[in-house]
Amino acid sequence: MGLLALSSCRMQVPADGPGAVLKVGENVAGEITTASHLNYSDGSRSQAFTFDLKRGQAVRIEAKAGYCGRLTLFDAGLNEVVREATCGSETEQHQVTRLTMVATEAQRYTVAFGGHGSAEYGPFVLSLRAVELRGSSSEVNPGDEIDGVLVNEVEAHSLRITQAGAYQVDLRSSEFDAKLVLQGRGVEREDDDGGDGRDARIVAYLMPGVYRLTAEALGDEAGYYQLSVNAHRVAIPAGTRLQHGGELALDDSPVAGLLRNQEARYQLTLIERAQVTLDLKSEYFDTKLWLDGPDVRLSDDDGGDGKNARIVTVLDPGTYTLRVADLDEGNAGLFTLVARSAAAPAPPPILVPEASHQGDLVAGGKDGYRLFVPAAGTYVIRMESDELDSYVSVLRNGELLADDDGGDDEGDARLEIKLAPGEYALVAEGFSAGSGPYRIMVNAR
């Protein structure tokens, strides 16, 4: 249920004043008929009720009907609309309209309920329930589910964690578009659509300590919300073995590891040249994957689905190091890592100045070249493509000397670099895991 922007179609209070009295904790039945008050703006009909609140008292008004309804709350003088809402959820028998408020003054309010349009008629049940306010900065513990009313668009709570583990935090509301922020102990997470509908959800691995949870509303909406924190069951996929480091097998079988605020390291050993695909996935943090080895220094943070990392490259025989980390730093949690190999394509030619080569990158792939420089000088290395955003790097003995993704034309890469005689490694790739044909050239300036 969203709060409507107030317009000329807002519900009107009957000219002869509201009828029944609505009391906190009670239900009242009514019926919209052709005899009910007519809203001349849109032809809808409505019935009005009054209720008294104390200063600071929070209540939730709920209407159930067999049709889509609208609730409109007026101030004591019936001169101003305080809140307005339309039906936002359904049961098997009813459509439900909810509206929550906190009384700024001790006074009498009027609420009108009616059909959302001129064709909605029939019986309804209206209820008024008290809402217990936890207040800003109140403490939340795992297993808690609290009710609150967002008045000023932001409300903060403290979350106390006594045992390290994975936790799921949910902020739910039928009255506003929810945003949830989790901060503390190096963790900085936020979400506004990870739950159902417009609800927010954060799943994170948390160490013992106190964190700050902030409930927010996107836009100008506000109202009732539920905030819950629960231990999150970590489901390890079938066939996945736990391995927090060490030698990684190229056998297409996933391993699961736990990131705890520092990198996880694995080794990969190849006895023959192969095309290697590395997939890193996690629902707890934004993944980043490094691959280091002889004349190889590759990294990726979004080559896979969503925030998952993928590296596809051809590697020569040797030992390589894989490093798993959180792109945002400070987060932790379970991840899965898979290494698979396939027959390598024919090795690319050795590049020399004044030569060029045509290549074709697969999605997330990286092509490695050997560059032989016969004499010291300044060289221009270009990578051009009509289908991908080119990115080229120059390395020597595993050390990155220069890289670039901005050439003369949009999407091309250009490096101008001074090189001594000898052999270098060139890595050609697509920015953001792009794919397609390309051309790489080396020229002396």
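What you are looking at is a predicted structure, and each value in this text was computed from that prediction instead of being measured.
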**Q** Taking all non-hydrogen atoms of both residues into account, name the closest pair between Glu120 and Ile32 and its distance.
**A** O-CG2, 3.9 Å
**Q** If the condition is side-chain hydrogen bond (donor to acceptor under 3.5 Å, both in side chains), which residues does Asp292 pass it with, not counting sequence neighbours?
**A** Arg323
**Q** Hey, can you pull the donor-acceptor pairs under 3.5 Å for the side chains in residues 334-346, sequence neighbours left out?
**A**
{"from": "Arg340", "atom 1": "NE", "to": "Asp252", "atom 2": "OD1", "distance (Å)": "2.7"}
{"from": "Arg340", "atom 1": "NH1", "to": "Asp279", "atom 2": "OD2", "distance (Å)": "2.8"}
{"from": "Arg340", "atom 1": "NH2", "to": "Asp252", "atom 2": "OD1", "distance (Å)": "3.2"}

**Q** With no hydrogens and no angle check, do the side chains of Tyr109 and Asp52 hold a donor and an acceptor under 3.5 Å apart?
**A** no
**Q** Kindly write out the residues that satisfy side-chain hydrogen bond (donor to acceptor under 3.5 Å, both in side chains) with Glu26, not counting sequence neighbours, or none if the list is empty.
**A** none
**Q** Less than 3.5 Å apart, any donor N or O on the side chain of Tyr266 or Gln243 sitting next to an acceptor on the other?
**A** no
**Q** In a check of side chain to side chain donor-acceptor pair (under 3.5 Å) between Tyr438 and each of Asp360, Asp367, Asp386, which one passes?
**A** Asp367
**Q** Partners of Tyr369 by ring-ring contact (aromatic ring centres under 6.0 Å, His included), sequence neighbours excluded?
**A** His357
**Q** State, to 0.1 Å, how close Arg70 and Ser44 come at their nearest heavy-atom pair, and which atoms those are.
**A**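 Scanning both residues completely, I find the closest heavy atoms to be NH2-OG, 3.5 Å.
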**Q** If I compare all heavy atoms of Val392 with all of Ala413, which pair ends up nearest, and what's the gap?
**A** CG1-CB, 3.8 Å
**Q** Quick one: does Lys179's side chain get under 4.5 Å of Glu190's, heavy atoms only?
**A** yes
**Q** Are Glu145 and Arg172 close enough for a salt bridge, meaning some N to O gap below 4.0 Å?
**A**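 Yes, charged N to carboxylate O under 4.0 Å.
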**Q** Between Ser393 (side chain only) and Asp403 (backbone N and O only), is there a donor and an acceptor less than 3.5 Å apart?
**A** no
**Q** Should Leu242 and Val255 count as side-chain neighbours, where that means a heavy-atom distance under 4.5 Å?
**A** no
**Q** So, Glu188 versus Gln183: side-chain donor-acceptor pair below 3.5 Å or not?
**A**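 The answer is yes; a qualifying pair exists.
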**Q** If I take atom CG from residue Leu388 and atom OG from residue Ser435, how far apart are they, to the nearest 0.5 angstrom?
**A**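 That separation rounds to 7.0 Å.
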**Q** Of all the heavy-atom pairs spanning Asp300 and Arg310, show the shortest one and how long it is.
**A**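 Of all heavy-atom pairs spanning Asp300 and Arg310, the closest is OD2-N, 2.9 Å.
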**Q** State whether the side chain of Asp301 and the backbone N or O of Ala309 hold a donor-acceptor pair below 3.5 Å, judged by distance alone.
**A** no
**Q** What heavy-atom pair brings Leu73 and Val111 nearest, and what distance separates the two atoms?
**A** CD1-CB, 4.3 Å
**Q** Is there a side-chain contact between Leu258 and His244 (heavy atoms, below 4.5 Å)?
**A**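 They are in contact (side-chain heavy atoms under 4.5 Å apart), so the answer is yes.
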**Q** Roughly how far apart are Asp389 CG and Glu429 CD, rounded to 0.5 Å?
**A** 10.5 Å
**Q** Once rounded to the nearest 0.5 Å, what's the spacing between atom CG of Asn308 and atom NZ of Lys288?
**A** 15.0 Å
**Q** Do Gln168 and Arg201 come close enough that some side-chain heavy atom pair is under 4.5 Å?
**A**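 Yes. Closest side-chain heavy atoms under 4.5 Å.
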**Q** Around atom CZ of Arg297, are there more than 12 heavy atoms from other residues, nucleotides or ligands closer than 6.0 Å?
**A**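 At most 12 heavy atoms, drawn from other residues, nucleotides or ligands, come within 6.0 Å of this atom.
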**Q** Run Lys54 and Glu105 through salt bridge (Lys or Arg N to Asp or Glu O under 4.0 Å) and show every step you take.
**A** CA-CA 7 Å; Lys54 300 177 182 178; Glu105 299 292 340; over 6 Å; no
**Q** Is there a side chain to side chain contact (heavy atoms under 4.5 Å, CB included) between Val324 and Leu289? Walk through the geometry before answering.
**A** CA-CA 5 Å; Val324 173; Leu289 181 63; 4.1 Å; yes
**Q** Within the distance-only criterion (no hydrogens, no angle test), does the side chain of Thr214 pair as donor or acceptor with the backbone N or O of Leu182 below 3.5 angstrom?
**A** no
**Q** Give a yes or no on whether the backbone of Ser36 and the side-chain of Arg45 come within a donor-acceptor separation of less than 3.5 Å.
**A** yes
**Q** Let's go through Asn141 and Val229 carefully: what are the C-alpha distance in whole Å and the side-chain angles of both, what is the deciding distance for side chain to side chain contact (heavy atoms under 4.5 Å, CB included) to 0.1 Å, and is it a yes or a no?
**A** CA-CA 7 Å; Asn141 296 286; Val229 181; over 6 Å; no
**Q** Would you indicate whether the side-chain heavy atoms of Leu315 and Val296 approach each other to under 4.5 Å?
**A** yes
**Q** Closer than 3.5 angstrom, by distance alone: can the side chain of Ser385 be matched with the main-chain N or O of Ser390 as a donor-acceptor pair?
**A**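 Here the side-chain-to-backbone pair does not exist.
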**Q** Begin from the C-alpha positions of Tyr167 and Asn230 and carry the test side chain to side chain contact (heavy atoms under 4.5 Å, CB included) through to its verdict.
**A** CA-CA 6 Å; Tyr167 293 89; Asn230 292 287; over 6 Å; no
**Q** Please enumerate all residues that pass side-chain hydrogen bond (donor to acceptor under 3.5 Å, both in side chains) together with Asp251, with sequence neighbours excluded.
**A**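 Ser253.
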**Q** Are the side chains of Leu291 and Thr321 in contact, using a 4.5 Å heavy-atom criterion?
**A**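 No, side chains not in contact.
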**Q** Side chain to side chain contact (heavy atoms under 4.5 Å, CB included), that's the test. Do Phe285 and Leu259 meet it? Break it down for me.
**A** CA-CA 9 Å; Phe285 57 90; Leu259 195 69; 3.6 Å; yes
**Q** State, yes or no, whether a side-chain contact exists between Glu216 and Val181 at a heavy-atom distance under 4.5 Å.
**A** yes
**Q** Show the nearest heavy-atom pair for residues Val59 and Thr100, with the distance to one decimal.
**A**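 Val59 and Thr100 have their closest heavy atoms at O-CG2, 3.2 Å.
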**Q** My understanding is that only residues two or more places apart in sequence, or in another chain, count here; which of them pass side-chain hydrogen bond (donor to acceptor under 3.5 Å, both in side chains) with Glu62?
**A** Arg98
**Q** Run the ring-centre check on Tyr121 versus Tyr67 and record whether the distance is less than 6.0 Å.
**A** no
**Q** Check the surroundings of atom CD in Glu247: do more than 12 heavy atoms from other residues, nucleotides or ligands lie under 6.0 Å from it?
**A**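 For Glu247, atom CD is crowded (more than 12 foreign heavy atoms under 6.0 Å).
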**Q** Out of curiosity, Tyr320 OH to Leu268 CG, how far, rounded to the nearest 0.5 Å?
**A**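 One gets 8.5 Å once the value is rounded to the nearest 0.5 Å.
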**Q** Is the closest side-chain heavy-atom distance between Phe51 and Ile61 below 4.5 Å?
**A** yes
**Q** Enter the distance from Asp412:CG to Tyr391:OH here, rounded to the nearest 0.5 Å.
**A** 15.5 Å
**Q** Could you tell me the separation between the NE2 atom of His116 and the SG atom of Cys87, rounded to the nearest 0.5 Å?
**A**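 One gets 7.0 Å once the value is rounded to the nearest 0.5 Å.
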